[in-house]
There are 2 protein chains.
Amino acid sequence: MTPRQNRPTINQVAAAAGVTKSSVSRAFTRPEMLSQETVRKIFAAAEQLGYVPNHTARALSTGRHGNIALIVPDVANPFFPPLIRAAQSEADRSDYCVFLGNSDENPQQEDKLIGRFAGQVEGFVLVSSRLSDAQIIEHAARRPLVLINRDVEGIPRVLIDSATGVAEAVAHLAELGHRKLVYVGGPHGSWSNKQRRGAVRRSARELGLEVTVISNEFAAFESGRKITASVLATGATAAIAFDDLTAQGMLAELADQGIAVPANFAVVGCDDVLGAATYPSLTTVSNRSVEAGKAALNLLMDILQNQAIRDVRYVLNTSLVIRKTTGPAVIPR
Amino acid sequence: MTPRQNRPTINQVAAAAGVTKSSVSRAFTRPEMLSQETVRKIFAAAEQLGYVPNHTARALSTGRHGNIALIVPDVANPFFPPLIRAAQSEADRSDYCVFLGNSDENPQQEDKLIGRFAGQVEGFVLVSSRLSDAQIIEHAARRPLVLINRDVEGIPRVLIDSATGVAEAVAHLAELGHRKLVYVGGPHGSWSNKQRRGAVRRSARELGLEVTVISNEFAAFESGRKITASVLATGATAAIAFDDLTAQGMLAELADQGIAVPANFAVVGCDDVLGAATYPSLTTVSNRSVEAGKAALNLLMDILQNQAIRDVRYVLNTSLVIRKTTGPAVIPR
DNA sequence: CTGTTAGCGCATTCAC
DNA sequence: GTGAATGCGCTAACAG
């Protein structure tokens, strides 16, 4: 046997209290089965010895761990921390511990993490999972699993619907007189990207606007800067970016080129991770990640308690947050 | 007994492979003890049955869990996610799972979390712990524990020393001809704030600069905007802010007032959490949180392997990252 | 090299 | 109400 903590066990408490293991065990799990007097004695002895039930032994015996795992593509992406925090706090209310996993946007890593966690958690929350539908379904068959921003039929999921906010953004630009705009995309595999691009196209068609889609695999500040030239080359007067970081990069590049925002060009972000902290402050689509994290966790807790997995599809609508990077369209340069 | 996963056990693999439990166990832990042939047979059987060692049972038997806990005051504070990510990735290299805890800046919550994790982790990393020295020492006596940005003698710790970077910032401003500057403070209780303010004062004195300290309890974008008027009122030509968020707020306010940066006023941030993502890109003091996270984890891993806790005090110096918000001083307005 | 045996600490039947 | 006995799945002496 390897070095182990020398914490008191149920047996020592039993001896000290003059009862058997069974009673001590019961005192900590179903005290109503014991006489008040015995419970009191046991607690006193436990307290005195500094006894704390052994989580592992209990888990081995019951199959219940009191842990859940939360896996995200990238902890450092500003979209996730608030979500993580919310999920965490919700788990805490039910006395669950949470394992955090960082998949690095990599399906294999994600799969590996799930495997590592599998043996010691009650269930999973997968955020913006990079796994295939088949893999997700397979894992969901083994353990309760809820998805955030991934739409797989039959698997409980919480979706942030940026389409509503994006549609508002297009309408907003149309009202301001813009006739030609571009959508600057995000990661190819991303469900959100597909959703946003689709929403831009649909709304644009309905409102009779012309829209160009420009791909931009790596959503980030720098790539936002670099893509700006192509955006301007289209002759558009406004752009909607896949996310705030990309939009912020565009803002910096436009400023460098002496193109005033919003006077000469309008920019809309997505996810509102920057708050009003750009200059000019960014018009963007609201992000409901905190609510998503909370909802996902409540869903998981519910499933764990009622051991019944219902096919829930919880959608959170978004809306446009109008700040200072959008304004009336100008005569094409 | 409660509902349990029906995963195959070591016994079934043993039966299928025509050996005993022991051999199967060995095949998965110390295969070099077995003949190649036996190992092959066992792996084949295991593979065929889809056997995966039961983490919990193993932990109960060995006292080793392969988990560690990382506790931070606030996951959503942009300072922490990169650190978390780095720690995470380092843990992964050693096949450890990491529990993430959010203390909400609250000592009691932090203590509670430690208790919850205690039974299922090898050790702890406490980031910017809000606990008292006594509590930290007590917990460290039970389990390996390493600190980040908290200086308790006898406990292995990793410290980010922002004083060096701040001193460079003052020197940089002095070289540019600035004679009068202001330090915009942060939270009163903050160890980092004390450290930074002290460094500004010391360097300013050495270089013969005049410095005004302005308090600003809530470090954030909005408070940065609001404090700007008082900053300008001092007649200074440059400001060093407690953190990047505050600096960013100041940038926005200066832009609104038509004061060009760096032409008319210089601004320096601290922590480099924004990268080059402001406009103009912010001159700031490097933040070495990624290295801190990595170092802390390596330290912990080292302790776990050699079961010897040395009194390590690992200091990471910071330096100035010169970007675009600092330039030559101008004639006082 | 491999089998036998005895726990790890606790929850849960089944008796009394 | 409480005790005795069994097992959760695996590791680790101890033999052979």
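Throughout, protein chains are lettered first and strands after them, A, B, ... in sequence-line order, and every chain is numbered starting at 1.
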Using only side-chain N and O atoms of T38(B), determine if any of them is under 4.0 Å from OP1 or OP2 of dT2(C).
-> yes
Any side-chain heavy-atom pair from N67(B) and Q120(A) closer than 4.5 angstrom?
-> yes
How large an angle, rounded to 10°, do the end axes of the helix from dC1(C)-dG16(D) to dC16(C)-dG1(D) enclose when each is built from five base pairs?
-> 30°
Any donor-acceptor pair under 3.5 Å between the side chain of R26(A) and the base of dT13(C)?
-> yes
Taken in chain and number order and not counting sequence neighbours, the residues that satisfy ring-ring contact (aromatic ring centres under 6.0 Å, His included) with F28(A) are F43(A), Y51(A)
For V39(A) and P31(A) the tightest heavy-atom approach is CG2-O, 3.8 Å
Under 3.5 Å donor-acceptor pairs involving side-chain atoms of residues 100-107 of chain B, not counting sequence neighbours:
residue: N102(B); atom: OD1; partner: V75(B); partner atom: N; Å: 2.7
residue: N102(B); atom: ND2; partner: D104(B); partner atom: OD1; Å: 3.2
residue: S103(B); atom: OG; partner: E105(B); partner atom: N; Å: 3.3
residue: D104(B); atom: OD1; partner: R85(A); partner atom: NH2; Å: 2.8
residue: E105(B); atom: OE1; partner: R130(B); partner atom: NE; Å: 3.1
residue: E105(B); atom: OE1; partner: R130(B); partner atom: NH2; Å: 2.6
residue: N106(B); atom: OD1; partner: Q108(B); partner atom: N; Å: 2.8
residue: N106(B); atom: OD1; partner: Q109(B); partner atom: N; Å: 3.4

Selected nucleotide, minimal atom distance to I10(B) side chain, candidates dC10(C), dA12(D), dC10(D) | dC10(D)
Rounding to a whole Å, what distance do you find between R30(B):CZ and dT2(C):C1'?
-> 14 Å
CG of N11(B) versus C1' of dT11(D): gap in Å, rounded?
-> 13 Å
Strand-adjacent residues in residues 50-58 of chain A, judged by heavy atoms under 4.0 Å from DNA chain D | none
Residue list, side chain to side chain donor-acceptor pair (under 3.5 Å) with E122(A), at least two apart or on another chain = none
Select one nucleotide: of dC10(D), dC1(C), dC8(D), the one nearest the side-chain heavy atoms of L60(A).
-> dC8(D)
Using a cut-off of strictly less than 4.0 Å between a heavy atom of the residue and any atom of DNA chain D, enumerate the qualifying residues of residues 13-25 of chain B by number.
-> K21(B), S22(B), S25(B)
Answer whether the closest heavy-atom distance between the side chains of V125(A) and V158(A) falls below 4.5 Å.
-> no
